[in-house]
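Just so we're clear, the structure is a prediction, and the values are computed from it rather than from any experiment. All chains are named by letter (A, B, ...) in the order of the sequence lines, taking the proteins before the strands, and each is independently numbered beginning at 1.
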Amino acid sequence: MEFRINHPVLYIMVAVLIAVVLAQSVYFLVRAYRRALEIGMDKARLKKTITSAVLFTIAPAISILVGVVALSKSLGLPLPWLRLSVIGSLSYETIAASTTINELKLGIGEAINSASAFVTVAWVMTLGIIMGLVLTPLLTKKIQGGMKKLEKMDKRWSEIFSNAMFLGMISAFLGYVFWDFSSVFSGKISALIPVLVMLSSAVLMLICGLFAKVFKQRWITDYALPISLVGGMAMAIPITNWLG
Amino acid sequence: MKKKLTYLESVHRDGKIWGFSLLALILAFPLVLSIIFNAVPEWKAFSRAVIAVLPMYWAVGIIETFTYIPMLGAGGAYLSFVTGNISNLKLPCALDAMQKANVKANSEEGEIISTISIAVSSIVTTLIVALGVILMMVTNLGAVLESEVLQPAFDQLLPALFGGLAVVFVSQNIKLAIAPMLLMLSLFIFTPLTSGEVGIMAPVGVIFTLIIARILYKKGKI
């Protein structure tokens, strides 16, 4: 078959694979929902969990789509569609693809026209993300068992343990927001953009919290995270125009 | 007689079956590409690229498995490691959902809430991306998404996400949060760490915070 980066066969293959991945999510969703009803969990709570997850996901999902657009220039649509729908994250995939394209001595942003170059990129991208996929089925049960044991030994410590994990991760991302901060002192004020965006999002979260308390509107806390996320992203536009 | 599995046991069983089947399918993809287009990889470029990217990806992959699985719960972990975008989407989504429902990842309720939120998030992501790809084939959606007006919003996704999230989690654990926040701020501000390194710094932050938590706990401060 003659190769093209947007060959219909590629679309079909990718669509089939993504459909299977989608089926897995649906399967686990149905199982968890049924079990929730079985053990008498509050239906309203489940509904809120679902709506909040939907709202929260829209903006990041669109930004993943932007990643597909960026990679599609050299790789066509189907491969980035697959790579970013299954495991991939934009930063990893971009590095894997551009490193390989460099080694192939092709120009970045130039459409790949040879099948063997395309297969090379596909293999490197696939092998790069395979580790979590191999380890998760092997280790999840053991790791969860370890957490359970910890809880049995010392319940209070096991709670602190999980909080410490979240906080450790969140601190790393807070630090990341300041990664270019030192260049502010040499006059590059655009390095303040992520800092101000983060503050806007934090302020929005605080406002939601206050609103919930003062006006007794508990419902808003369920949407506080999507509100601060989308609000922060929207604020990024004027902030970037101002400082960028 | 067949022993009846508990919910959690059946999640592990199904997670393994789905996980290994998907692993096989994902590996089959480049293989089938080679067969239908009758092409082999360019081995020289392949091996050089593999040497350049794999050691780091695999190391990060191993560390991520150990740091994220305890936070995600079982069902959440089986789904997240297939659908990806864990730190920037699935994990914040699950953490937020569990916090609202006032449940912990290692209880059955927490397991269920985490699985539901991650499954919904995965389904919505997959559908939006698929819809976007279809629209891009027939319209100029690609150009709209890349427009200069919208670009800053997508560039600032992570700061916009973690600002709100930090308020929720830091305010509840101020004592425990101070040391890791100071460490990460100084590391990112005063060393040549760039934005690309946040994937590696997240596990570093987790381990550091666990150590601090242990010390504070032993001293009876938290």
Greatest number of heavy atom pairs closer than 4.5 Å to chain B - which of [options]:
{"options": "A/I39, A/I18, A/L79, A/I101", "result": "A/I39"}
{"options": "A/S116, A/S228, A/G232, A/A122", "result": "A/S116"}
{"options": "A/L150, A/L10, A/N241", "result": "A/L10"}
{"options": "A/V177, A/L127, A/T99, A/L206", "result": "A/L127"}
{"options": "A/G67, A/A23, A/S200", "result": "A/A23"}
{"options": "A/Q144, A/M41, A/H7, A/E2", "result": "A/Q144"}

Assess B/R13 against B/W18: is NZ or CZ under 6.0 Å from the centre of the six-membered ring, and within 45 degrees of the ring's axis?
no
Which region of [X], side chain (C-beta onward) or backbone (N, CA, C, O), has a non-hydrogen atom less than 4.5 Å from a non-hydrogen atom of chain B, or is it both or neither?
{"X": "A/K148", "answer": "side chain"}
{"X": "A/I237", "answer": "both"}
{"X": "A/V26", "answer": "both"}
{"X": "A/Q24", "answer": "both"}
{"X": "A/R45", "answer": "side chain"}
{"X": "A/K73", "answer": "side chain"}
{"X": "A/L77", "answer": "side chain"}
{"X": "A/T126", "answer": "side chain"}
{"X": "A/T240", "answer": "side chain"}
{"X": "A/V68", "answer": "side chain"}

Look only at the side chain of [X] and the backbone of [Y], and say whether a donor-acceptor pair between them is shorter than 3.5 Å.
{"X": "B/S114", "Y": "B/G110", "value": "no"}
{"X": "A/S52", "Y": "A/T49", "value": "no"}
{"X": "A/Y223", "Y": "A/L55", "value": "no"}
{"X": "A/S72", "Y": "A/V69", "value": "yes"}

In this structure, is the centre-to-centre distance between the rings of B/F188 and A/F178 below 6.0 Å?
no
Measuring centre to centre across the rings, with the benzene-like ring taken for any Trp, is A/W157 within less than 6.0 Å of B/Y217?
yes
State, yes or no, whether a side-chain contact exists between [X] and [Y] at a heavy-atom distance under 4.5 Å.
{"X": "B/P159", "Y": "A/F173", "result": "no"}
{"X": "A/S201", "Y": "B/L161", "result": "no"}
{"X": "B/V120", "Y": "A/V54", "result": "yes"}

Quick check for you: among B/P70, B/G75, B/G142, which has the greatest number of heavy-atom pairs under 4.5 Å with chain A?
B/P70
Examine whether an atom of B/L193 lies under 4.5 Å from a heavy atom of chain A, and if so say whether it belongs to the side chain, the backbone or both; otherwise answer neither.
backbone
